Protein chains: 2
Amino acid sequence: MTSPAGLSPRELQTYFALVESAALLHHTVEQHLRADGDLSDVQFQVLARLVDEGGRATMTDLADGVVYSRSGLTHQAGLLEKAGLITRTRHPEDQRATLVEVTEAGRARVDQVMPGHLEVVRRMLFDQLSADDLDALADVLPRVRDHMRSLPPRSVTSRKEGRRERAS
Amino acid sequence: MTSPAGLSPRELQTYFALVESAALLHHTVEQHLRADGDLSDVQFQVLARLVDEGGRATMTDLADGVVYSRSGLTHQAGLLEKAGLITRTRHPEDQRATLVEVTEAGRARVDQVMPGHLEVVRRMLFDQLSADDLDALADVLPRVRDHMRSLPPRSVTSRKEGRRERAS
DNA sequence: TATTGTTATACTCTATAACTATA
DNA sequence: TATAGTTATAGAGTATAACAATA
């Protein structure tokens, strides 16, 4: 009961450590982003991803990368647009799609938040890791991430299921 | 702008991998717990922690370990109690405190959910790690967790601040 | 007919502040 | 006076389903 079969105690320990570390880090980061840049977690991710991808993307691109529902992203994008940090326009090549672009204010906001953000991450995560520790994590975690990404078709399910039946 | 000063590209990569891994794992786990045992993330953590600590704890114990506000925990504990998975009684040694105890149904629920829970974790996290990978993570992550836990006095701030002034 | 995105809605989680009671 | 916990309430995030427009 205390150490249920299924995972070794070592695996269980590691799992708990991962979950707790991530939760603590996530929580602190959220606080910082809110206090320092008035951004939610997701809003920051959207802006950062936009900047990282050259400034523009479609809603679907963003939803796949950041959130797990389109409506959730629509909501967040609405807030970002109202704050003047992004614009949304019709995509020239596919009239159905929405072209999302970071504004100058959006870039400025990212630049404003990023240093403090990275400092939090360094203080909580990297400052007490040895070079070997970092090597280990840098080696393992990206593989873990890629593996996890490869598994589930998540987030799109709802639409496909819902379409199934449309009675009169 | 794409790789801001403050963290090395390697560190940044590792950080993103950690955040994404944790988010993907967390999201999948939440879905499973809800579908398989009608439990929220926090509710499961409360139950698991209670079981792990011999069946009983105070609200403050639980709040410190799981959530970041007492009222949040009160809410979750209320749901768990209504579902018959825990009981709340006066603590015999300190009449202010609440003694939270897992019921048989609570233990049963944990036992019901745990196998599937661990299977999700194994499939997403451990199945594609080598023994060396596991060694590395098992070595590093608990230290990371302990370090993070040692940093912030979080979650208790609200009360102390709020108490400061009580005018009129 | 399938896809993109928005809307409307409802639900859950979380936190702040005010309050009771015990220490 | 300080602590444990609850309550009331309000706010933010998320998701489901129904919908309009385009491919």
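By convention in this document, chain letters (A, B, ...) are assigned in the order of the sequence lines, proteins followed by strands, and residues within each chain are numbered from 1. Everything numeric in this text was worked out from a predicted model, so none of it was measured. Atoms considered below: every heavy atom in the structure, side chains included; atoms not considered: hydrogens, waters and symmetry mates.
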Closest approach to the side chain of [X], judged atom by atom: which nucleotide of [options] is it?
X	options	answer
B/Arg34	D/dG5, C/dT12, D/dT16	C/dT12
A/Ser40	D/dG13, D/dG5, C/dG5	D/dG13
B/Arg70	D/dG5, C/dC13, C/dT6	D/dG5
B/Ser71	C/dA15, C/dT6, C/dC13	C/dA15

| query | With sequence neighbours left out, what residues match B/Phe44 under ring pair (Phe, Tyr, Trp, His ring centres under 6.0 Å)? | reply |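 With neighbours one apart ignored, the set is B/His117.
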| query | Should we count CZ of B/Arg49 as having more than 12 external heavy atoms under 6.0 Å? | reply |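 Yes, because the 6.0 Å sphere around CZ of B/Arg49 holds more than 12 heavy atoms from other groups.
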| message | Could you check whether atom CD of B/Gln128 has more than 12 heavy atoms from other residues, nucleotides or ligands sitting under 6.0 Å from it? | response |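 Yes, the 6.0 Å shell around CD holds more than 12 heavy atoms from other groups.
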| Between B/Met59 and B/Leu79, is there a shared hydrophobic cluster once you connect ILVMFWY residues whose side-chain heavy atoms come closer than 4.5 Å? | no
| Is the shortest side-chain N to carboxylate O distance from B/Asp139 to B/Arg143 below 4.0 Å? |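 Salt bridge present between B/Asp139 and B/Arg143.
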| query | Salt-bridged, B/Glu119 to B/Arg123, with N to O below 4.0 Å? | reply | yes
| task | Check DNA chain C against residues 86-99 of chain A and give the residues with a non-hydrogen atom under 4.0 Å, in numerical order. | result | A/Arg88, A/Arg96, A/Ala97, A/Thr98
Tell me: [atom1] of [X] to [atom2] of [N], nearest whole Å?
X	N	atom1	atom2	value
A/Leu79	D/dG11	CG	P	14 Å
B/Asp38	C/dT12	CG	P	9 Å
A/Gln31	C/dT14	CD	C1'	12 Å
A/Leu33	D/dG13	CG	P	12 Å
B/Glu30	C/dT12	CD	C1'	11 Å
B/Asp41	C/dC13	CG	P	9 Å
B/His26	D/dG13	NE2	P	16 Å
A/Phe44	D/dG13	CZ	C1'	18 Å

| said: Let me spell it out: for each of A/Val42 and B/Ala77, pick the nucleotide of DNA chain D with the closest heavy atom. Which residue's pick is nearer the 5' end? | reply: B/Ala77
| said: OP1 or OP2 of C/dT14 versus the side-chain N and O atoms of B/Gln76: is any pair under 4.0 Å? | reply: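 For C/dT14, OP1/OP2 do have a side-chain N/O of B/Gln76 under 4.0 Å.
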| field | Under 4.0 angstrom between A/His75 side-chain N/O and C/dG5 OP1 or OP2 | value |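 For C/dG5, OP1/OP2 do not have a side-chain N/O of A/His75 under 4.0 Å.
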| Hey, does A/Leu62 have a side-chain heavy atom less than 4.5 Å from the side chain of A/Leu50? | yes
